[in-house]
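To keep things clear, I will list the structure first and then write my remarks on it.
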Amino acid sequence: MNKNFWIPLIASLGTMIILYLIGNIFNVDFLIFDISLPYSEISLIPIVVGILVGFISERIIKMKYQ
(Lines give C-alpha, C1' and ligand atoms only; values in the text may rest on other atoms or scores of the structure.)
Protein backbone atom coordinates (compact mmCIF):
# COMPACT_ATOMS: atom_id res chain seq x y z
CA MET A 1 0.00 0.00 0.00
CA ASN A 2 1.23 3.47 -0.81
CA LYS A 3 1.49 6.51 1.41
CA ASN A 4 -1.74 7.95 -0.02
CA PHE A 5 -3.44 5.37 2.19
CA TRP A 6 -1.17 5.27 5.25
CA ILE A 7 -0.80 8.97 6.04
CA PRO A 8 -4.56 9.70 6.40
CA LEU A 9 -5.05 6.46 8.35
CA ILE A 10 -2.25 7.23 10.80
CA ALA A 11 -3.41 10.85 11.11
CA SER A 12 -7.00 9.85 11.93
CA LEU A 13 -6.07 7.08 14.38
CA GLY A 14 -3.45 9.28 16.03
CA THR A 15 -5.96 12.09 16.48
CA MET A 16 -8.50 9.72 18.04
CA ILE A 17 -5.92 8.27 20.42
CA ILE A 18 -4.64 11.70 21.46
CA LEU A 19 -8.15 13.04 22.11
CA TYR A 20 -9.13 9.97 24.16
CA LEU A 21 -5.89 10.28 26.17
CA ILE A 22 -6.57 13.96 26.84
CA GLY A 23 -10.10 13.06 27.94
CA ASN A 24 -8.93 10.36 30.32
CA ILE A 25 -5.96 12.24 31.77
CA PHE A 26 -7.76 15.54 32.38
CA ASN A 27 -11.16 13.93 33.04
CA VAL A 28 -12.98 15.79 30.24
CA ASP A 29 -16.47 14.30 30.00
CA PHE A 30 -17.00 14.72 26.25
CA LEU A 31 -13.64 13.10 25.37
CA ILE A 32 -13.76 10.09 27.68
CA PHE A 33 -13.55 6.38 26.95
CA ASP A 34 -14.76 4.41 29.96
CA ILE A 35 -15.31 0.66 30.15
CA SER A 36 -16.57 -1.03 33.29
CA LEU A 37 -18.60 -4.16 33.99
CA PRO A 38 -22.10 -2.67 34.15
CA TYR A 39 -21.73 -0.23 31.23
CA SER A 40 -19.49 1.19 28.55
CA GLU A 41 -19.26 4.88 27.74
CA ILE A 42 -17.65 5.98 24.50
CA SER A 43 -17.58 9.55 23.27
CA LEU A 44 -18.13 9.99 19.53
CA ILE A 45 -16.44 13.41 19.27
CA PRO A 46 -12.87 12.00 18.96
CA ILE A 47 -14.07 9.54 16.31
CA VAL A 48 -15.72 12.28 14.25
CA VAL A 49 -12.70 14.59 14.59
CA GLY A 50 -10.37 11.73 13.63
CA ILE A 51 -12.40 10.96 10.50
CA LEU A 52 -12.37 14.65 9.54
CA VAL A 53 -8.59 14.83 9.99
CA GLY A 54 -8.23 11.73 7.80
CA PHE A 55 -10.36 13.24 5.01
CA ILE A 56 -8.57 16.59 5.21
CA SER A 57 -5.13 14.98 5.05
CA GLU A 58 -6.24 12.82 2.11
CA ARG A 59 -7.41 15.92 0.23
CA ILE A 60 -4.13 17.71 0.96
CA ILE A 61 -2.15 14.76 -0.39
CA LYS A 62 -4.31 14.56 -3.53
CA MET A 63 -3.95 18.30 -4.18
CA LYS A 64 -0.19 18.08 -3.64
CA TYR A 65 0.28 15.32 -6.24
CA GLN A 66 -1.90 16.92 -8.94
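Excluded from the calculations below are hydrogen atoms, water molecules and symmetry mates; all remaining heavy atoms, backbone and side chain alike, are included.
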Is there a continuous path of hydrophobic side-chain contacts, each under 4.5 Å between heavy atoms, that joins Ile18 to Val28?
yes
Tell me whether Met63 is reachable from Ile56 by hopping between hydrophobic residues (I, L, V, M, F, W, Y) whose side-chain heavy atoms are closer than 4.5 Å.
no
Picking from Ile47, Val53, Ile51, what satisfies side-chain contact (heavy atoms from CB on, under 4.5 Å) with Thr15?
Val53
Enumerate the residue pairs fulfilling salt bridge (Lys or Arg N to Asp or Glu O under 4.0 Å) with a member in residues 18-27, sequence neighbours excluded, ordered by first and then second residue.
none
Tell me which pairs pass salt bridge (Lys or Arg N to Asp or Glu O under 4.0 Å) where either residue lies in residues 48-58, with sequence neighbours left out.
Glu58-Lys62
Just verifying a value: how many Å separate [X] [atom1] and [Y] [atom2], rounded to the nearest 0.5 Å?
X	Y	atom1	atom2	answer
Leu52	Ser57	CG	OG	10.5 Å
Ser43	Ile32	OG	CD1	9.0 Å
Phe30	Leu44	CZ	CG	13.5 Å
Asn27	Asp29	CG	CG	6.5 Å

What are the two closest non-hydrogen atoms of Tyr20 and Leu31, and how far apart are they?
CD2-O, 3.5 Å
Looking only at heavy atoms, what is the nearest atom pair of Pro8 and Gly54, with distance?
CB-O, 3.4 Å
